[in-house]
Asks: 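One structure coming up, written as structure tokens, with questions to follow.
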Amino acid sequence: MTTPEPSSASNFIRDLVVADQAAGKHGGRVVTRFPPEPNGYLHIGHAKSMALNFGLANEMSGGICHLRFDDTNPTTENPEYVQAIQDDVRWLGFDWHGKMFYASDYFEQLYAFAVVLIRKGKAYVDSLTPDQIREYRGTLTEPGRDSPYRTRSVDENLTLFARMRAGEFPDGTQVLRAKIDMGSPNINLRDPILYRIRHAIHYRTGSTWCMYPSYDFAHPLSDAIEGITHSICTLEFEDHRPLYDWVVAEADAPHRPQQIEFARLNLTSTVMSKRKLLELVEKKLVAGWDDPRLPTLKGLRRRGVTPKAIRAFCEHIGVAKRDAIVEMQLLEHFIREDLNKRSPRVMAVLQPLKIVLDNYPDGLVEELEAVNNPEDPSAGTRKIPFSRILYIEQDDFKEAPPKQFYRLAPGREVRLRYGYIIKCVGVTNDPQTGAITELHCTYDPDTRSGATQEQRKVKATIHWVSASHAVQATMRLYQPLLLPDQAKPAADQDWTRSLNPQSLELLTNCWVEPSLRTAEPGSRFQFERQGYFCVDSDSSPDALLFNRTVPLKDAWAKIAKAQQTPI
RNA sequence: UGGGGGAUCGUCUAGCGGUAGGACGCCGGCCUUUGGAGCCGGCUACCUAGGUUCGAUUCCUAGUCCCCCAGCCA
């Protein structure tokens with residue numbers, strides 16, 4: 001079920017649908033449809049379409065949105081995708097209320113519609129070769145020419161079409177074409193192909209058919225059969241609309257849906273086309289359709305993104321007809337917004353630096369109380385073990401601290417989150433490399449969190465983990481899939497060369513607080529001061545594996561970057 | 001040198017004849033035991049040129065630029 005969300009801003013499609021219903025068009029019914037072809041996985045662009053179609057149906061009284069598999073091409077489709085698509089639609093939070101259909105269920109009816117067209121002299125069987133058909137079609141600036149088979153009699157067409165169905169012709173030898181206008185300035189109207197022969201096994205109809213309807217024929221009629229009132233699609237179908245209307249009218253369809261087009265979603269620094277996504281998967285440039293770097297719904301899910309964040313994003317970006325490229329930062333904003341409210345906080349050290357509290361009693365372990373979620377008091381508190389040897393983040397110490405660096409440095413103090421104020425009194429370096437191997441600090445026993453006498457202020461609070469209690473874990477950090485524009489190769493080069501080689505970073509020596517030992521795959525956390533992380537599906541209690549969904553905003557990183565690149 | 005669409009802050013988007021609003025982002029401040037979150041303030045836009053009008057981002061005209069269409073894909 002869709003969770004109620006703040007009513008979205010109006011857009012031209014919503015306005016139109018609202019006006020239609022108010023005017024009593026289609027008897028006041030509103031029926032939309034989400035019609036994926038089961039030849040790949042759904043991505044966030046589909047989410048925009050779903051938000052529109054299901055969203056509209058949900059908010060209009062009596063509205064309904066069908067899920068329809070547009071499976072008219074047996075060579076690219078399979079049931080794996082059908083299942084995955086259903087899972088994704090449900091995961092995103094949409095419900096088709098039992099109205100799930102397949103274009104392939106309409107093959108018999110579609111055949112009958114084609115016969116109607118033939119009888120009316122509006123369709124004919126063409127025996128030109130594919131190459132000839134292309135030649136006869138003309139170009140953008142030159143009109144096409146009539147096929148010599150265009151004037152076949154109705155009876156001959158009927159016979160030929162029946163023989164096509166009967167399997168008497170090999171692939172590519174005959175097609176059924178609409179008889180419209182070979183001179184039309186709109187190429188889609190130059191006798192478009194309605195049926196093509198394909199001796200292929202369809203994943204649902206098997207070998208029942210050896211010819212299949214094209215999109216331009218099947219789609220409008222499927223809409224009409226289902227009583228779709230508003231058939232919403234993307235801009236590239238705009239000049240198919242006259243054909244859509246022609247098919248519905250000439251085939252004497254029982255109902256006339258209205259096609260409306262909107263601009264598809266584009267996102268910066270990622271790829272959204274099915275062709276490119278498939279290429280990444282097939283060439284094993286990513287781990288699979290659910291690789292967390294991909295904008296597929298499966299990928300976003302595995303990365304830890306919530307359905308709610310995706311829906312909020314889709315509502316926010318709006319619906320219009322102008323081409324647009326939405327910044328990834330906007331998606332990240334909605335991800336953080338949702339995760340901030342729901343994620344339990346936890347401490348984890350990604351790049352450990354050992355520190356020894358010289359004056360803390362050896363063997364003593366204190367249980368410190370930590371807040372689970374400051375945004376949600378009902379989340380309660382938990383205990384975290386504290387002891388003499390800890391790990392802190394390497395980035396939280398600098399031997400020579402730059403300006404505005406508030407964290408630990410020789411002689412400086414910081415607070416350990418939920419613990420004590422400590423002071424750095426010594427740095428041990430590797431005699432060979434000079435690298436810092438450990439820090440020596442002292443703690444101030446009067447400054448334990450919550451202690452009444454605690455008055456002192458320090459500029460920074462850092463996270464930590466008790467070395468002997470922490471659990472080792474592996475982290476996967478993600479960067480954009482694509483390189484920034486400036487770093488991309490020329491457009492004529494292989495696009496995969498613009499892939500970011502650093503899109504995945506693996507950190508294997510990380511330490512998380514003990515409460516995470518039993519964290520379930522799929523559960524989400526905020527690692528304090530670092531970001532939102534999700535337990536990967538491949539994680540296990542002895543081999544914890546987390547994916548970073550999105551980092552927290554990092555004010556220091558911004559300052560540090562500005563210091564590096566002075567104007 | 002065909003046809004179909006589209007142009008508003010850096011990015012999305014609202015506006016439907018009364019002189020541009022929201023969000024992201026960015027900058028500054030407050031607050032803070034997350035340099036998180038939150039709060040406050042600031043930033044920048046109507047593609048161009050004519051016309052109509054008391055008044056145009058909105059209407060008209062002419063340009064410019066961008067996107068889509070020549071699959072027996074969808």
Side-chain angles (χ1 to χ4, degrees), chain A residues 9-11 15 35-37 39 70-73 75-76 126 128-130 133-135 137-144 171-177 184-190 192-198 211-212 214-216 218-219 233-242 261 263 265 268 274-275 313 316-334 336-337 340-341 345 347 371 374-375 404-407 414-419 421 447 449-450 454 457-463 526-532 551-559:
Chain A
S10 79
N11 62 61
D15 293 347
E37 183 188 10
N39 68 346
D70 224 342
D71 53 355
T72 57
N73 183 356
T75 60
T76 58
D126 197 350
L128 252 23
T129 66
I133 286 180
R134 192 180 327 114
E135 277 176 44
R137 185 154 36 223
T139 68
L140 293 179
T141 51
E142 302 157 25
D171 289 6
T173 55
Q174 315 285 344
V175 285
L176 184 73
R177 290 233 251 171
S184 172
N186 180 348
I187 292 179
N188 296 292
L189 263 19
R190 319 240 263 229
I193 286 161
L194 269 21
Y195 270 88
R196 72 283 207 195
I197 297 173
R198 273 284 213 264
M211 65 178 188
Y212 294 88
S214 63
Y215 167 88
D216 283 316
H219 202 92
C233 63
T234 41
L235 249 28
E236 67 269 29
F237 294 106
E238 207 153 18
D239 47 21
H240 290 235
R241 195 191 326 141
E261 310 84 11
L265 170 66
T268 58
K274 246 175 201 177
R275 185 205 115 215
F313 169 74
H316 187 90
I317 56 175
V319 177
K321 293 194 73 159
R322 70 184 86 99
D323 296 306
I325 305 176
V326 179
E327 289 176 342
M328 190 62 87
Q329 293 165 113
L330 186 62
L331 208 211
E332 292 182 349
H333 163 77
F334 285 100
R336 287 194 190 95
E337 183 176 74
N340 175 48
K341 292 184 192 113
R345 313 289 128 124
M347 291 203 284
V371 172
E375 302 290 321
Q404 294 180 79
F405 182 86
Y406 303 149
R407 282 107 97 146
V414 293
R415 172 174 289 284
L416 293 177
R417 182 83 159 144
Y418 300 119
I421 291 175
T447 58
S449 274
E454 174 220 324
K457 295 272 183 196
V458 286
K459 288 203 114 176
T461 296
I462 65 174
H463 58 95
Q526 183 199 93
F527 289 178
E528 294 219 29
R529 303 206 306 134
Q530 304 196 97
Y532 297 98
L552 246 30
K553 286 205 220 166
D554 187 346
W556 164 245
K558 210 169 268 185
I559 294 166

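In what follows, chains carry the letters A, B, and so on, assigned in the order in which the sequence lines appear, proteins first and then strands, with residues in each chain numbered from 1.
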Asks: Just to be sure I understand the rule, does I325(A) reach a base, reach only the sugar-phosphate, or reach nothing, if contact means heavy atoms closer than 4.0 Å?
Replies: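 If one applies the 4.0 Å heavy-atom cut-off, I325(A) turns out to touch the sugar-phosphate alone, with no base involved.
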Asks: Does any N or O donor sit under 3.5 Å from an N or O acceptor when you compare the side chain of R407(A) with the base of G35(B)?
Replies: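 Such a pair exists between side chain and base.
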Asks: How many angstroms lie between OG1 in T234(A) and NZ in K321(A), if you round to the nearest 0.5 Å?
Replies: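 Answer rounded to 0.5 Å: 11.5 Å.
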Asks: Go through A37(B), G15(B), G5(B) for me and flag the one nearest to the S10(A) side chain.
Replies: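 Nucleotide nearest to S10(A)'s side chain: G15(B).
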Asks: Of the listed nucleotides (G5(B), C72(B), A23(B)), which one gets closest to any side-chain atom of D323(A)?
Replies: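 The answer is G5(B).
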Asks: Using atom P of each nucleotide, how far apart are C46(B) and U53(B) to the nearest Å?
Replies: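 25 Å, rounded to whole Å.
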Asks: Taking the same atom, P, in G28(B) and in A20(B), what whole-Å distance lies between them?
Replies: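 Approximately 28 Å lies between the P atom of G28(B) and that of A20(B).
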Asks: Heavy atoms only, 4.0 Å cut-off, all strands: where does K457(A) land among base, sugar-phosphate and nothing?
Replies: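 The residue K457(A) makes sugar-phosphate contact but no base contact.
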Asks: Could you tell me how far U44(B) sits from C39(B) if I compare only their P atoms? Round to whole Å.
Replies: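 After rounding to an integer number of Å, I get 23 Å for this pair.
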Asks: Which nucleotide wins on minimum distance to the side chain of F405(A), given the candidates A74(B), G35(B), C72(B)?
Replies: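 Per side-chain heavy atoms of F405(A), the pick is G35(B).
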Asks: Looking for any heavy atom pair under 4.0 Å, which part of the strands does E528(A) touch: base, sugar-phosphate only, or nothing?
Replies: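 Answer is base: heavy atoms of E528(A) come under 4.0 Å of a base.
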Asks: Just call it for E327(A): base, sugar-phosphate, or nothing, with non-hydrogen atoms closer than 4.0 Å on any strand.
Replies: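 Base contact.
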Asks: Quickly, which of M347(A), R345(A), R529(A) forms a side chain to side chain contact (heavy atoms under 4.5 Å, CB included) with R417(A)? Name it, please.
Replies: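 For R417(A), the side chain to side chain contact (heavy atoms under 4.5 Å, CB included) check succeeds only for M347(A).
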Asks: When you measure from the side-chain N and O atoms of R529(A) to the phosphate of A37(B), is any distance below 4.0 Å, counting only OP1 and OP2?
Replies: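 Indeed not, no polar side-chain atom of R529(A) lies that close.
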Asks: Give Y212(A) one of three labels, base, sugar-phosphate or nothing, depending on what nucleic acid heavy atoms sit under 4.0 Å from its own.
Replies: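 Nothing, no nucleic acid heavy atom in range.
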Asks: Would you name the heavy atoms of L330(A) and I317(A) that are closest together and state the gap between them?
Replies: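 That closest heavy-atom pairing would be CD2-CG2, 3.9 Å.
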Asks: Rounded to whole Å, how long is the line connecting atom CD of E236(A) with atom C1' of C66(B)?
Replies: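 Answer to the nearest Å: 16 Å.
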Asks: Would you indicate which nucleotide in A74(B), G3(B), U34(B) comes nearest to any side-chain atom of T461(A)?
Replies: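 Closest nucleotide to the T461(A) side chain: U34(B).
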Asks: Is there a side-chain contact (heavy atoms from CB on, under 4.5 Å) between L416(A) and I462(A)? Walk through the geometry before answering.
Replies: CA-CA 5 Å; L416(A) 293 177; I462(A) 65 174; 3.8 Å; yes
Asks: NA contact type, A557(A), heavy-atom cut-off 4.0 Å: base, sugar-phosphate, or nothing?
Replies: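 Nothing, no heavy atom under 4.0 Å.
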Asks: Is any side-chain N or O of R196(A) closer than 4.0 Å to OP1 or OP2 of A74(B)?
Replies: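 For A74(B), OP1/OP2 do have a side-chain N/O of R196(A) under 4.0 Å.
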Asks: Under 4.0 Å between any heavy atoms, over every strand shown, what does E37(A) touch: base, sugar-phosphate, or nothing? Just pick one.
Replies: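 Sugar-phosphate contact only.
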Asks: Write down the distance between CG (N188(A)) and P (G3(B)), rounded to a whole number of angstrom.
Replies: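 Result: 15 Å.
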Asks: Take Y418(A) and V371(A) through the test side-chain contact (heavy atoms from CB on, under 4.5 Å) and record every step on the way to the result.
Replies: CA-CA 9 Å; Y418(A) 300 119; V371(A) 172; 3.6 Å; yes
Asks: Roughly how many Å apart are U64(B) and A56(B), using the P atom of each and rounding to a whole number?
Replies: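 To the nearest whole Å, 25 Å.
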Asks: Mind checking L140(A) for me? I need base, sugar-phosphate or nothing, with any heavy atom below 4.0 Å counting as a touch.
Replies: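 Here L140(A) touches the bases of the nucleic acid.
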Asks: Say we look at C67(B) and U8(B): how far apart would their P atoms be, to the nearest angstrom?
Replies: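 Going atom to atom, P in each nucleotide, I get 14 Å.
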Asks: With a 3.5 Å cut-off and heavy atoms only, can you find an N or O donor on one side and an acceptor on the other between the side chain of E261(A) and the base of G4(B)?
Replies: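 Donor-acceptor pair under 3.5 Å: no.
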Asks: Which one, U33(B), G2(B), C72(B), comes nearest to the side chain of R415(A)?
Replies: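 Of all the options, the side chain of R415(A) is nearest to U33(B).
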Asks: Could you measure between the two C1' atoms, the one in U58(B) and the one in A45(B), and give it in whole Å?
Replies: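 My reading of the C1' atoms in U58(B) and A45(B) gives 16 Å.
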Asks: Name the nucleic acid region contacted by E142(A), choosing base, sugar-phosphate or nothing; use a 4.0 angstrom heavy-atom cut-off, strictly under.
Replies: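 Counting heavy atoms under 4.0 Å across all strands, no contact is made by E142(A).
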Asks: Using the salt bridge (Lys or Arg N to Asp or Glu O under 4.0 Å) rule, pick out the option among R137(A), R177(A), R196(A) that qualifies with D126(A).
Replies: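 Single salt bridge (Lys or Arg N to Asp or Glu O under 4.0 Å) partner of D126(A) among R137(A), R177(A), R196(A): R177(A).
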Asks: Given A14(B), is OP1 or OP2 found less than 4.0 Å from the side-chain N or O atoms of R322(A)?
Replies: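 Looking at the OP1 and OP2 atoms of A14(B), one of them is under 4.0 Å from a side-chain N or O of R322(A).
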Asks: Check the pair L552(A) / Y532(A) against side-chain contact (heavy atoms from CB on, under 4.5 Å), numbers first and verdict last.
Replies: CA-CA 7 Å; L552(A) 246 30; Y532(A) 297 98; 3.4 Å; yes
Asks: Report the distance from atom CD of Q174(A) to atom CE of M211(A), rounding to the nearest 0.5 Å.
Replies: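 Answer rounded to 0.5 Å: 11.5 Å.
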Asks: For Y195(A), enumerate each residue passing the ring-ring contact (aromatic ring centres under 6.0 Å, His included) test, keeping only those at least two apart in sequence or located in another chain.
Replies: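 With sequence neighbours excluded, Y195(A) shows a ring-ring contact (aromatic ring centres under 6.0 Å, His included) to F161(A), F217(A), given in chain and number order.
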Asks: Can you tell me how far P in G5(B) sits from the matching atom in C40(B), rounded to whole Å?
Replies: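 To the nearest whole Å, 45 Å.
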Asks: Please determine if a side-chain N or O atom of K553(A) lies less than 4.0 Å away from the OP1 or OP2 oxygen of G25(B).
Replies: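 True: K553(A) side-chain N/O within range (under 4.0 Å) of G25(B) OP1/OP2.
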Asks: Taking the six-membered ring for Trp, are F334(A) and H316(A) parallel (under 30°), tilted (30 to 60°) or perpendicular (over 60°)?
Replies: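 It falls in the tilted class, 30° to 60°.
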Asks: Just to confirm, is there a sub-4.0 Å distance from OP1 or OP2 of G71(B) to any side-chain nitrogen or oxygen of R137(A)?
Replies: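 For G71(B), OP1 or OP2 has a side-chain N or O of R137(A) closer than 4.0 Å.
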Asks: Determine which bases of RNA chain B form Watson-Crick or G-U wobble pairs with both distances under 3.5 Å, and write the result as a 5' to 3' dot-bracket string with | for other-strand partners.
Replies: .((((((..((((....[..))))((((((.......))))))...(((((..]....))))))))))).....
Asks: With a non-hydrogen cut-off below 4.0 angstrom, is P374(A) in contact with a base, only sugar-phosphate, or nothing?
Replies: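 Base contact - P374(A) has a heavy atom under 4.0 Å of at least one base atom.
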Asks: Looking for any heavy atom pair under 4.0 Å, which part of the strands does Q530(A) touch: base, sugar-phosphate only, or nothing?
Replies: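 Touches nothing.
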Asks: What does I193(A) touch in the nucleic acid at a heavy-atom separation under 4.0 angstrom: a base, only the sugar-phosphate, or nothing?
Replies: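 Answer is base: heavy atoms of I193(A) come under 4.0 Å of a base.
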Asks: Any base atoms under 4.0 Å from R134(A), or only sugar-phosphate, or nothing? Heavy atoms, all strands.
Replies: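 It contacts sugar-phosphate atoms only.
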Asks: Rounded off to whole Å, could you give me the CG-to-P distance for the D216(A) and A74(B) pair?
Replies: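 The distance from CG of D216(A) to P of A74(B) comes to 8 Å, rounded to the nearest Å.
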Asks: Can G6(B) be described as syn, meaning its chi torsion is within 90° of 0, or is it anti?
Replies: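 G6(B): anti.
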Asks: From the set G36(B), C24(B), A74(B), return the single nucleotide nearest to any side-chain atom of H333(A).
Replies: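 Among G36(B), C24(B), A74(B), the one nearest the side chain of H333(A) is C24(B).
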Asks: Among the nucleotides A74(B), G5(B), G4(B), which one has an atom lying closest to any side-chain atom of D239(A)?
Replies: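 Selected nucleotide: G4(B).
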Asks: Could you tell me whether a side-chain N or O of T76(A) sits under 3.5 Å from a main-chain N or O of N39(A), the two making a donor and an acceptor?
Replies: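 Answer holds: no.
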Asks: Select from A320(A) and S214(A) the residue whose nearest nucleotide in RNA chain B is closer to the 5' end of that strand.
Replies: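 Nearer the 5' end of the strand: A320(A).
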Asks: Under 4.0 Å between a side-chain N/O of K558(A) and OP1 or OP2 of C26(B), yes or no?
Replies: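 For C26(B), OP1/OP2 do have a side-chain N/O of K558(A) under 4.0 Å.
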Asks: Compare side-chain N and O positions of T72(A) against OP1 and OP2 of A74(B) and report whether any pair is under 4.0 Å apart.
Replies: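 Affirmative; the distance criterion is met.
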Asks: What nucleic acid atoms does K459(A) come within less than 4.0 Å of, heavy atoms only: base, sugar-phosphate, or nothing?
Replies: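 Here K459(A) touches no strand at all.
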Asks: Got a second to check how far T139(A)'s OG1 is from I187(A)'s CD1, nearest 0.5 Å?
Replies: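 With rounding to 0.5 Å, OG1 (T139(A)) is 7.0 Å from CD1 (I187(A)).
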Asks: Start at the 5' end of RNA chain B and walk down; is the nucleotide closest to E238(A) or to T173(A) reached first?
Replies: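 Looking at the nearest nucleotide for each, E238(A) comes out on the 5' side.
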Asks: Suppose we call a contact any N or O donor and acceptor under 3.5 Å apart; does that hold for the side chain of Q526(A) and the base of U34(B)?
Replies: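 Side chain to base: pair present.
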Asks: Roughly how far apart, to the nearest Å, are G15(B) and A7(B) at atom C1'?
Replies: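 G15(B) and A7(B) have their C1' atoms separated by 15 Å.
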